[in-house]
Amino acid sequence: MTVLVALCGAVFVSALGVLYTQHLSRTLIAEVQQQRQLRDELNIGWGRLLLEHSTWASHGRIERLAREQLGMHNPSFAEIEVARP
């Protein structure tokens, strides 16, 4: 009789362990999905930042700003001086 009670107790504890494990597994899967969604959003943001960076750092834009804001220009042959050691 005590063996039967012990076995029933062991089955009950085992069932509780299974329930806890399933709950923990579902919780972790939900967290993984949230982290993947966050990763995807961050990747999209990073892509936008790279695109913006390439736009702001384009050679044409830099050259235009140098001409307009700094008054720079390509030197003529008469303005070029060669430094010799």
Side-chain angles (χ1 to χ4, degrees):
M1 183 71 168
T2 40
V3 173
L4 183 60
V5 171
L7 287 175
C8 286
V11 169
F12 182 73
V13 169
S14 176
L16 287 178
V18 169
L19 289 175
Y20 174 73
T21 304
Q22 284 180 343
H23 172 70
L24 187 61
S25 175
R26 288 180 183 147
T27 303
L28 291 175
I29 287 173
E31 185 178 342
V32 166
Q33 289 174 345
Q34 288 176 348
Q35 294 298 321
R36 285 181 179 165
Q37 183 179 1
L38 178 62
R39 178 202 61 196
D40 293 342
E41 291 171 4
L42 290 173
N43 280 336
I44 290 170
W46 177 249
R48 288 181 183 156
L49 285 174
L50 287 177
L51 181 61
E52 183 178 352
H53 178 267
S54 67
T55 300
W56 285 99
S58 68
H59 295 291
R61 181 179 180 279
I62 300 297
E63 185 176 348
R64 182 177 51 81
L65 289 175
R67 289 180 193 276
E68 292 173 359
Q69 294 180 0
L70 302 175
M72 298 177 81
H73 65 280
N74 288 330
S76 65
F77 285 114
E79 295 175 321
I80 297 176
E81 295 183 17
V82 178
R84 299 186 190 256

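The figures here come from the full heavy-atom set of this structure, side chains too, leaving out hydrogens, waters and symmetry mates.
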Would you find a donor on one side and an acceptor on the other, under 3.5 Å apart, between the side chain of [X] and the backbone of [Y]?
X     : Y     : answer
Gln33 : Ala30 : no
Ser14 : Ala10 : no
Ser25 : Thr21 : no

Say you draw a straight line from [atom1] of [X] to [atom2] of [Y]; how long is it, rounded to the nearest 0.5 Å?
X     : Y     : atom1 : atom2 : value
Leu38 : Gln34 : CG    : CD    : 9.5 Å
Ile44 : Leu49 : CD1   : CG    : 12.5 Å
Ser58 : Glu63 : OG    : CD    : 10.0 Å
Asp40 : Gln37 : CG    : CD    : 7.5 Å
Arg67 : Asn74 : CZ    : CG    : 5.0 Å

More than 12 heavy atoms of other residues, nucleotides or ligands under 6.0 Å from CD of Gln22: is that the case?
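Counting neighbours around CD of Gln22, more than 12 heavy atoms of other residues, nucleotides or ligands fall under 6.0 Å, so yes.
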Take a 6.0 Å sphere around NE2 of His59 and say whether it holds more than 12 heavy atoms from other residues, nucleotides or ligands.
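No, the 6.0 Å shell around NE2 holds no more than 12 heavy atoms from other groups.
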Is there side-chain contact between Leu51 and Ser54, with heavy atoms separated by less than 4.5 Å?
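Leu51 reaches Ser54 side chain to side chain.
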Check ion pair Glu52-Arg48 (N to O, under 4.0 angstrom)
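Looking at Arg48 together with Glu52, the answer is no, because their closest N to O distance does not fall below 4.0 Å.
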For Arg36, side-chain contact (heavy atoms from CB on, under 4.5 Å) partners two or more places apart
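Arg36: side-chain contact (heavy atoms from CB on, under 4.5 Å) contacts with Val32, Arg39.
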Shared hydrophobic cluster, Leu28 / Tyr20 (ILVMFWY, side-chain heavy atoms < 4.5 Å):
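Yes; tracing contacts between hydrophobic side chains, which count when under 4.5 Å, links both residues.
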